[in-house]
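Report on the following structure.
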There are 2 protein chains.
Amino acid sequence: MFTPVYFDHNATTPLDTRVLDGMLPYLTQHYGNASSRHEYGRAARRAIDEARQRVACAVGAHPTEVIFTSGGSEANNLFIKGAAAMLAPGTLAISAIEHPCVREPARQLARCGWQVREIAVDADCRIASADFSAALAEKPALVSVMLANNETGVVQDVTKLAAQAQSAHAWFHTDAVQAFGKLPLSFRVFNAAGVHAMTLSAHKIGGPKGAGALVVDKRVDLQALIAGGGHERGLRSGTENVAAIVGFGLAAELAVERIKGQAAGLLALRTELEDGLVARGAVIFASAVQRLPNTIYFSFDGFDGETLVAWLDRAGFAVAAGAACSSAHPEPSKVLLAMGVSPALARAAVRISLGAGNTQQQVRDFFRALDNTLLQLKGLVAAVAVPTH
Amino acid sequence: MFTPVYFDHNATTPLDTRVLDGMLPYLTQHYGNASSRHEYGRAARRAIDEARQRVACAVGAHPTEVIFTSGGSEANNLFIKGAAAMLAPGTLAISAIEHPCVREPARQLARCGWQVREIAVDADCRIASADFSAALAEKPALVSVMLANNETGVVQDVTKLAAQAQSAHAWFHTDAVQAFGKLPLSFRVFNAAGVHAMTLSAHKIGGPKGAGALVVDKRVDLQALIAGGGHERGLRSGTENVAAIVGFGLAAELAVERIKGQAAGLLALRTELEDGLVARGAVIFASAVQRLPNTIYFSFDGFDGETLVAWLDRAGFAVAAGAACSSAHPEPSKVLLAMGVSPALARAAVRISLGAGNTQQQVRDFFRALDNTLLQLKGLVAAVAVPTH
């Protein structure tokens, strides 16, 4: 079987085999509904309680602050729409580089009387201080700034931003989906600085698809997005996906154990990739600022990103053009445009996101495939430019 | 290992081993994000497309009418809140016996200017015709009546109700979570009669927890409950839970194949259970009308349902008191109260819901355990009534 090299860990990660092993009993003998009052139900409930402990411990939160959801998109929607529903319409401030699952619920609120204030970023994808202050001066009721960007990997100083936002008395949310498992993070520290809610996802950290969480300060009043039987303290109804939640717990624990040991290796691979890319004429986005150790976002000017991704795919390398979740839409990356990158250069963008399984050999093989691809694409361009008839 | 007899299939079902086998490749080698533009992504996308075909085929729908969600609760919320969001506030008519995941989003709408009109049921748990007509006269914009009730198993004549509702020009939704896999059903037939949307869940039919669907007529305008990357035709964003969706597709196919062969056997077990319960003095709810072949809902007057469930659990039988999803709340069943059952008799209610694995031997063993339990409980009651000092 042909197994392409996987360089797309920000889109999703392989399920850790230890995580799958931990999930399997809940896909076989322990199949109960966690709300049932019999042994099958109690076994499921115990597993969820334990997973909640693991996730809470991994991110420095109290277990009662962890609301399990079906994933990061749901958790972001739960915060944005759920917190807004308990307030009179006001201003919601979100950064210009948020994931669509923050941007789109914000857009829905804009149709219900809310003002959506976009906070600008600078050329390095960092929140622009002056614009952040200006946004706070508009007294937003809600603020959402992601911890690490899925495309560039740039990390925001959320602690500092949240502390600043306290003067506005806003509820401050951060989408930590991409940061979790790549950087140490503590909700306790965040919360002390003024962060009130944080989104997590299991499938970005070696866990299963179908589980995520909103970690939330209990002072934040939320309306359930999915209302019903009253699961998750009334904030998220629906029969719990026990196996996925168990997997999330295990993956969270493993991710935290891995962070330290893995960072240096990832950084070495990232450096090797970036050096090689720059040597071949690529622009690396946000290369001067703190980024996730696994993420490289680059453009070869004049080469369409989607095309490069397709050619590299055929050559056996799985990389991304822009964010996977929006790659059905071939517009240039909103994140790059917000950074002031030209639409042409943004259309050329390609993302490599490394993971635990990647090796130096794969990086070297990648460069062979890339050189070959660039050569062929240049040939095609030349052939189109100089017709032979 | 002690394995209790599972008589609680309306709460959740064991995952069919053939379904798990079909899911495993998507929990191991095929781990891609279905939005990714490389081979990992395409493999995931193909699997989702195939699962959508299977689910559509199982319920007589077109694949483009199937919107995958994380489960039945989400699908019900998507319809109720999603359809309402696209309309000016008006009247929403729901039956008095809906699941909390229809009732609670309706209650949320009531706080946003909507009138929620509850449609009464008769003593047999069937929609009361006169009250249904009266509700339609109030020109509801949305109507939701479940196909089969999770507690009593009573089946509504949804085709007839929807046809009647057409005069009101309402969007008509039915929660088919409990009916699916137990009765043949066709969205095409429903739709022709005036049903515009139908909710399904995978874990009630031998599929995994974490997958469900709203099957919906494309004329219904819906606002996404979970907005973001634009998955599921923009109606449900978030990285698809590929393995769970694959499992849903397989389970749907198997459920439909099973219905005919299984109905007679389930009905025979149900009759044996009901005869034995009646002989011991139980009241069977809605025994005179069309019900799911697997569901028996009964009370022993004077015996608390929760207590009976706990004792039967210790004796090795997993049954339910009221609906599992709300069993954290010990109030008497809203469904039974709506049927005019006294609170005392409603508190005594116990549900047995059979499934593919249940046998006549288990039914006989159950009666031995029940007789023993009733005897012991009577002894306790007597001991409490006549103190010995």
Side-chain angles (χ1 to χ4, degrees), chain A residues 4 6 8 11-15 20 27-28 31-33 35-41 70-74 76-77 99-101 104-105 107-108 203 208-210 223-231 237-244 306 309-310 313 318-321 324-329, chain B residues 4 6 8 11-15 20 27-28 31-33 35-41 70-74 76-77 99-101 104-105 107-108 203 208-210 223-231 237-244 306 309-310 313 318-321 324-329:
Chain A
Y6 193 71
D8 198 11
T12 194
T13 56
L15 183 61
L20 178 57
L27 294 170
T28 53
Y31 54 80
N33 183 318
S35 298
S36 292
R37 300 264 181 119
H38 46 61
E39 185 45 35
Y40 291 97
S70 68
S73 287
E74 187 190 327
N76 280 339
N77 274 261
H99 191 275
C101 65
E104 292 301 320
R107 203 201 296 242
Q108 289 179 341
H203 79 95
K209 296 173 182 67
Q223 180 181 281
L225 193 65
I226 302 179
H231 310 74
S237 290
T239 300
E240 294 93 339
N241 187 345
V242 185
E306 294 275 346
V309 167
D313 175 45
V319 302
C325 327
S326 53
S327 62
H329 314 289
Chain B
Y6 193 71
D8 198 12
T12 193
T13 57
L15 184 60
L20 178 57
L27 294 170
T28 53
Y31 54 79
N33 184 319
S35 298
S36 292
R37 300 266 182 117
H38 46 61
E39 185 44 34
Y40 292 98
S70 68
S73 287
E74 187 190 327
N76 280 339
N77 274 261
H99 191 276
C101 64
E104 291 302 320
R107 203 202 296 242
Q108 289 180 340
H203 79 95
K209 295 172 182 67
Q223 178 180 283
L225 192 66
I226 302 177
H231 309 73
S237 289
T239 300
E240 295 92 338
N241 187 344
V242 185
E306 294 275 347
V309 167
D313 175 45
V319 301
C325 326
S326 52
S327 62
H329 314 290

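Quick note on labels: first sequence line is chain A, next is B, and so on, each numbered from 1.
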For [X], is it the side chain, the backbone, both, or neither that has a heavy atom closer than 4.5 Å to a heavy atom of chain A?
{"X": "B:V319", "result": "backbone"}
{"X": "B:L225", "result": "both"}
{"X": "B:N241", "result": "both"}
{"X": "B:A224", "result": "both"}
{"X": "B:P105", "result": "both"}
{"X": "B:A244", "result": "neither"}
{"X": "B:T28", "result": "side chain"}

Could you tell me which non-hydrogen atom of [X] sits nearest to which non-hydrogen atom of [Y], and how far apart they are?
{"X": "B:Y31", "Y": "A:T12", "value": "O-CG2, 3.1 Å"}
{"X": "B:K209", "Y": "A:G32", "value": "CE-O, 3.5 Å"}
{"X": "A:A11", "Y": "B:S36", "value": "CB-OG, 3.8 Å"}
{"X": "A:H38", "Y": "B:Y6", "value": "CE1-CE1, 3.9 Å"}
{"X": "A:S70", "Y": "B:I226", "value": "OG-CD1, 4.5 Å"}
{"X": "B:G228", "Y": "A:E104", "value": "O-CG, 3.4 Å"}

Legend entry - Check: B:E306 side chain, A:R37 main-chain N or O, donor-acceptor pair, under 3.5 Å: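 Not confirmed, B:E306 side chain does not pair with A:R37 backbone.
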